[in-house]
Asks: 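The structure follows.
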Amino acid sequence: MKHIQFAYAGLLLLLSLLWWLADPLLPNGYEYFALRTVAINYTGVIGMGVMSVGMILALRPVRIEPLLDGLDKTYRLHKWLGITGLVFSVVHWLWAQGTKWAVGWGWLVKPERGPRPELTDPVEIFLRAQRGLAESVGEWAFYAAVALIVIALVKRFPYRLFFKTHRLLALAYLALVFHSVVLTPFGYWTQPMGVVLALLMAGGSVAAVVSLTGRVGHRRKAVGEIEELVNFADNRVLKVAIRFKDRWPGHEAGQFAFVTFSTDEGAHPFTISSGWQGDGRLFFLIKGIGDYTARLPELLRVGDLVTVEGPYGRFDFANAGASDKRRQIWVGGGIGITPFIARMKALAVMPDGREVDLFYSTAEPDDEFIQRLQRDAQAAGVKLHVLVSARDGRLDVARICETVPGWAEADVWFCGPGGFGQALREGFFARGLAAKDFHQELFDMR
């Protein structure tokens, strides 16, 4: 999490500093309309800056993954930037429109405007002529962006509709770029602020076009055929085994991919549940927790063609910054067991010498699923601890430490519900575990 926290804070600090250098605070004193101009400029710069970076991150750039510790963290930063862009855009709009309303209602008196210096730069003259159009376009694009961002944040909104509507944000963004280019103070463009803002908006505009043309992740897509379906009815998990017809670059245990079973539904992210053997095959274990995934056992058939995009993620079981750790503790909550299954498949072929305890906590046990898990653990040399919540109670840090006396010499890997992971993180930190020794996948793409 620290990677994305630093990136988020660093971006806001950089944009704020560059803006301040280009437009020192309140050059005309603390008069209201001077304050309004400063506030509109600042909120506009921050809003467009964070939205531009958010658009670029939406391309799923794999080169950024090492810097942000995985695509799951990249998407969390994308979400934060979207919310920040929404907040600053609303404040920007309130300063602009609220003042006009206040003048119209007689609450404020607009000061007399003195003579303006004659414009000589043809570019500035052209931009000044477009101000009215840019204001109208920006206002309607703002309304559209607010609605689309709110839809994206409401998780009850069906995924297939989110998938289709979220892409429309690219259109609203392009309209806001036009609004910003025309209305940004002309003097900014000769300052470092203008250079950085221009580069960000150029990158964001390219990303918007790529998104609108449906080419996000295009080079990382491969077509495969479903060759096996196994439905574990008791825990509502479906195994989907795929044999590729295209070249798949291979993957590491713990990575995930975007899978498209239906173009109407769009691509869903699923953790890859198998190790890579170089044979063009992999499988996913998919929990039926939504309207669409719950119907997959009825919708899918052996022989169906699917598109797989990836692999992504850095939940790779490497002891980053802790190479001396020879023990690991894995905790899988519910369907969060999937990356650990893939890792056990890999360890069965190539052991790494670490001592591993795997805790699988489930509220919906399936006997066949657990038997397969036990066979995988035995083949990988992993100590498996299965806890059924109705029978064994809640898994917590105290139980883990009691079961693994040498827990202090281990690093912890968690995948599962966010609240469960947060409780474990806080519990281990309270016992002295270093932050770098707790690894959690933020498998939440909305």
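Throughout, residue positions are numbered sequentially from 1 according to the sequence presented.
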Asks: What residues form a ring pair (Phe, Tyr, Trp, His ring centres under 6.0 Å) with Phe414, not counting sequence neighbours?
Replies: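 Counting only residues at least two positions away or on another chain, Phe414 forms a ring pair (Phe, Tyr, Trp, His ring centres under 6.0 Å) with Phe420.
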Asks: Got a salt bridge between Arg314 and Glu65, using NZ or NE/NH1/NH2 to carboxylate O under 4.0 Å?
Replies: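 No, Arg314 and Glu65 are not salt-bridged.
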Asks: Just jot down the side-chain hydrogen bond (donor to acceptor under 3.5 Å, both in side chains) partners of Trp93, sequence neighbours excluded, or say none.
Replies: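 In terms of side-chain hydrogen bond (donor to acceptor under 3.5 Å, both in side chains), with neighbours along the sequence ignored, Trp93 is linked to Tyr143.
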Asks: Quick one: does Thr307's side chain get under 4.5 Å of Val259's, heavy atoms only?
Replies: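 Answer no - side chains too far apart.
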Asks: Would you say Gln422 and Glu426 are linked by a side-chain donor-acceptor pair, where the criterion is simply a distance under 3.5 Å?
Replies: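 There is such a pair between these side chains.
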Asks: Check residues 341-350 and write down every donor-acceptor pair under 3.5 Å in which the side-chain atom is one partner and the other belongs to a residue at least two apart or another chain.
Replies:
from	atom 1	to	atom 2	distance (Å)
Arg343	NH2	Asp352	OD2	3.0
Lys345	NZ	Asp376	OD1	3.1

Asks: Measure across Ala257 and Val308 and return the closest heavy-atom pair with its distance rounded to 0.1 Å.
Replies: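 For Ala257 versus Val308, the nearest heavy atoms are CB-CG1, 3.6 Å.
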Asks: If you apply the rule side-chain hydrogen bond (donor to acceptor under 3.5 Å, both in side chains), what do you find for Tyr42 with Ser16, and how did you get there?
Replies: CA-CA 8 Å; Tyr42 178 67; Ser16 298; 2.7 Å; yes
Asks: Counting N and O atoms only, with roles assigned by atom type, does the side chain of His92 sit under 3.5 Å from a partner on the main chain of Ile40, one being a donor and the other an acceptor?
Replies: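 Confirmed, His92 side chain pairs with Ile40 backbone.
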Asks: Is it the case that the side chain of Asp304 and the backbone of Leu300 share a donor-acceptor pair, with hydrogens and angles ignored and the cut-off at 3.5 Å?
Replies: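 No: the side chain of Asp304 does not pair with the backbone of Leu300.
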Asks: Using every non-hydrogen atom in the two residues, find where Ile370 and Pro365 come nearest and quote the distance to one decimal.
Replies: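 Taking Ile370 first and Pro365 second, the nearest heavy atoms are CD1-CB, 4.0 Å.
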Asks: Assess whether atom CZ of Arg431 is packed by more than 12 heavy atoms of other residues, nucleotides or ligands within 6.0 Å.
Replies: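 Enclosed.
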Asks: Do you know the tightest heavy-atom contact between Gly49 and Leu15?
Replies: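 Answer, listing the atom of Gly49 first, then Leu15: CA-CD1, 3.8 Å.
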Asks: Identify the two heavy atoms, one from Gly310 and one from Pro249, that lie closest to each other, and give their separation to 0.1 Å.
Replies: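 In this case the closest contact between Gly310 and Pro249 is O-CG, 4.1 Å.
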Asks: Could you give the distance from NE2 (His78) to CD1 (Ile4), rounded to the nearest 0.5 Å?
Replies: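 Separation between the atoms: 12.5 Å.
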Asks: Atom CD of residue position Glu227 - does it have more than 12 heavy atoms of other residues, nucleotides or ligands inside 6.0 Å?
Replies: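 Yes, because the 6.0 Å sphere around CD of Glu227 holds more than 12 heavy atoms from other groups.
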Asks: Does Gly288 offer a backbone N or O that forms a donor-acceptor pair with the side chain of Arg236 under 3.5 Å?
Replies: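 A pair under 3.5 Å: yes.
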Asks: Given Glu309, which partner from the list Arg219, Lys221, Arg60, Arg220 fulfils the side-chain hydrogen bond (donor to acceptor under 3.5 Å, both in side chains) test?
Replies: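 Passing option: Arg60.
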Asks: Does the side chain of Trp248 pick up a donor-acceptor pair with the side chain of Asp246 at under 3.5 Å?
Replies: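 No, no side-chain donor-acceptor contact under 3.5 Å.
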Asks: Tell me yes or no: between the side chains of Trp19 and Tyr188, is some donor less than 3.5 Å from an acceptor?
Replies: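 Looking only at side-chain atoms, Tyr188 and Trp19 do form a donor-acceptor pair, the distance falling under 3.5 Å.
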Asks: Among pairs that include at least one residue of residues 393-407, which meet salt bridge (charged side-chain N to carboxylate O under 4.0 Å, His left out), considering only residues two or more places apart or in two chains?
Replies: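 As it turns out, there is no salt bridge (charged side-chain N to carboxylate O under 4.0 Å, His left out) pair with a partner in residues 393-407 once direct neighbours are skipped.
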Asks: Not counting sequence neighbours, which residues clear ring pair (Phe, Tyr, Trp, His ring centres under 6.0 Å) with Phe88? List them please.
Replies: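 Checked Phe88 against ring pair (Phe, Tyr, Trp, His ring centres under 6.0 Å); zero matches.
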Asks: Do the side chain of Glu364 and the main chain of Asp234 share a donor and acceptor less than 3.5 angstrom apart?
Replies: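 Checked: no pair found.
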Asks: Should the pair Trp413 and His439 be assigned to parallel (<30°), tilted (30 to 60°) or perpendicular (>60°) ring geometry?
Replies: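 Rings of Trp413 and His439: parallel, under 30°.
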Asks: According to ring pair (Phe, Tyr, Trp, His ring centres under 6.0 Å), who are the partners of Phe429, at least two apart in sequence or on a separate chain?
Replies: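 In terms of ring pair (Phe, Tyr, Trp, His ring centres under 6.0 Å), with neighbours along the sequence ignored, Phe429 is linked to no residue.
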Asks: Is the CD atom of Glu252 crowded by more than 12 outside heavy atoms at less than 6.0 Å?
Replies: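 Result for CD/Glu252: open.
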Asks: Check each of Arg281, Arg301, Lys239 against Glu228 using the salt bridge (Lys or Arg N to Asp or Glu O under 4.0 Å) test, and report the only one that passes.
Replies: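 With Glu228 as partner, salt bridge (Lys or Arg N to Asp or Glu O under 4.0 Å) holds for just one option, Lys239.
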Asks: Enter the distance from Phe270:CZ to Phe283:CZ here, rounded to the nearest 0.5 Å.
Replies: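 Between Phe270 CZ and Phe283 CZ, I get 14.5 Å after rounding to 0.5 Å.
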Asks: Does Leu12 have any side-chain contact (heavy atoms from CB on, under 4.5 Å) partners at least two apart in sequence or in another chain, and if so, which?
Replies: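 Partners of Leu12 under the side-chain contact (heavy atoms from CB on, under 4.5 Å) test: Tyr8, Ile46, Val50, Thr84.
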Asks: State the CG-CG distance between Leu148 and Leu153, to the nearest 0.5 angstrom.
Replies: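 The CG atom of Leu153 is 11.0 Å from CG of Leu148, to the nearest 0.5 Å.
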Asks: Under the ring pair (Phe, Tyr, Trp, His ring centres under 6.0 Å) test, which residues partner Tyr292, sequence neighbours left out?
Replies: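 Testing Tyr292 for ring pair (Phe, Tyr, Trp, His ring centres under 6.0 Å), a comparison that skips the adjacent residues, returns His268.
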Asks: For Glu355, check side-chain hydrogen bond (donor to acceptor under 3.5 Å, both in side chains) against everything at least two apart and list the hits.
Replies: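 side-chain hydrogen bond (donor to acceptor under 3.5 Å, both in side chains) check on Glu355 returns Arg327, Lys383.
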Asks: With a 4.0 Å cut-off on N to O distance, would you call Lys245 and Glu225 a salt bridge?
Replies: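 Yes, charged N to carboxylate O under 4.0 Å.
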Asks: Which donor-acceptor pairs under 3.5 Å do side chains of residues 190-212 form with protein atoms, sequence neighbours excluded?
Replies:
from	atom 1	to	atom 2	distance (Å)
Thr190	OG1	Gly187	O	3.0
Ser205	OG	Met201	O	2.7

Asks: Here's a test for you: under side chain to side chain contact (heavy atoms under 4.5 Å, CB included), which of Val331, Val386, Ile329, Leu384 qualifies with Leu358?
Replies: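 In the set Val331, Val386, Ile329, Leu384, the residue that makes a side chain to side chain contact (heavy atoms under 4.5 Å, CB included) with Leu358 is Leu384.
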Asks: What distance do Arg391 atom CZ and Thr362 atom OG1 have between them, rounded to the nearest 0.5 Å?
Replies: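 Reported to 0.5 Å precision, the distance equals 10.0 Å.
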Asks: How long is the span from the CD atom in Gln255 to the OG1 atom in Thr271, to the nearest 0.5 Å?
Replies: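 Going from CD on Gln255 over to OG1 on Thr271, the span is 10.5 Å.
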Asks: Restricting to pairs with a member in residues 168-184, which pass side chain to side chain donor-acceptor pair (under 3.5 Å), not counting sequence neighbours?
Replies: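 Pairs touching residues 168-184 that pass the test: Ser52-Tyr173.
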Asks: Taking atom CG of Leu282 and atom CH2 of Trp276, what is their separation to the nearest 0.5 Å?
Replies: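 These two atoms lie 7.0 Å from each other.
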Asks: For Arg372, give me all partners under side-chain hydrogen bond (donor to acceptor under 3.5 Å, both in side chains), at least two apart in sequence or on another chain.
Replies: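 Partners of Arg372 under the side-chain hydrogen bond (donor to acceptor under 3.5 Å, both in side chains) test: Glu368.
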Asks: I need the minimum non-hydrogen distance between Thr43 and Ala39, along with the two atoms involved.
Replies: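 Of all heavy-atom pairs spanning Thr43 and Ala39, the closest is OG1-O, 2.7 Å.
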